[in-house]
Amino acid sequence: MDLLNCPTCGKIYVNHSVRDVCDECYRKEEAAYDKVYRFLRKRENRAATIETVAKATEVQEDLLYKWVRRGRLHTALFPNLGYPCDRCGKIITEGKLCEECSTGLKDELSIFEKEKERKEKLKKTVYYSQDPSEKY
Ligand SMILES: [Zn+2]
Ligand SMILES: [Zn+2]
């Protein structure tokens, strides 16, 4: 039997299913999901953003992000929903990072490699200049 701490309320609960929160929070989340879904089902709300949904339904944005991440709220149906990029917080609809961050990350890695090389060379230079024969 797995005992887990509920990430929402901190209560200890038995992990008997795929739920990631305790029964009580799960029920609350389901009620919130119902509310959100009822809101989004209306044609005029299809293009709502997370912010709008959060305001209209009084459901926490984090919860909305979780549902989008897990595909419970489909961005194919609700094109303006999304969740924040792990790095810069920009709203994205797939993966963990936005496009800029994933390409930026690659650039940064190569910059880092070059910088390392440069420092290695610098170290050698410093070493030579400290050679006592060079003192005047
Ligand atoms: Zn809980
Ligand atoms: Zn980003």
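Indexing begins at 1, ligand by ligand and atom by atom, following the structure's order. Residues take their numbers from the sequence shown, with the count starting at 1.
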query = Between Arg69 and Asp62, is there a side-chain N and carboxylate O pair less than 4.0 Å apart?
reply = no
message = Distances under 2.8 Å only: what protein N/O/S atoms are near the Zn ion (ligand 1), ordered by chain and residue?
response = Cys6 SG, Cys9 SG, Cys22 SG, Cys25 SG
Note: Lys114-Glu117 ion pair, threshold 4.0 Å (strictly below) = no
task = Please say whether the positively charged group of Arg19, taken as NZ for Lys or CZ for Arg, lies over the ring of Tyr26, i.e. under 6.0 angstrom from the six-membered ring centre and within 45 degrees of the axis.
result = yes
note = Residue set satisfying salt bridge (charged side-chain N to carboxylate O under 4.0 Å, His left out) with Arg87, at least two apart, ordered chain then number -> Glu108
inquiry  = I'd like to know whether CD of Glu58 has more than 12 heavy-atom contacts from other residues, nucleotides or ligands below 6.0 angstrom.
reply    = no
inquiry  = Just by distance, no angles: are the side chains of Tyr33 and Glu29 close enough, under 3.5 Å, to form a donor-acceptor pair?
reply    = no
message = Nearest 10°: the angle subtended at the Zn ion (ligand 2) by Cys85 SG and Cys101 SG?
response = 110°
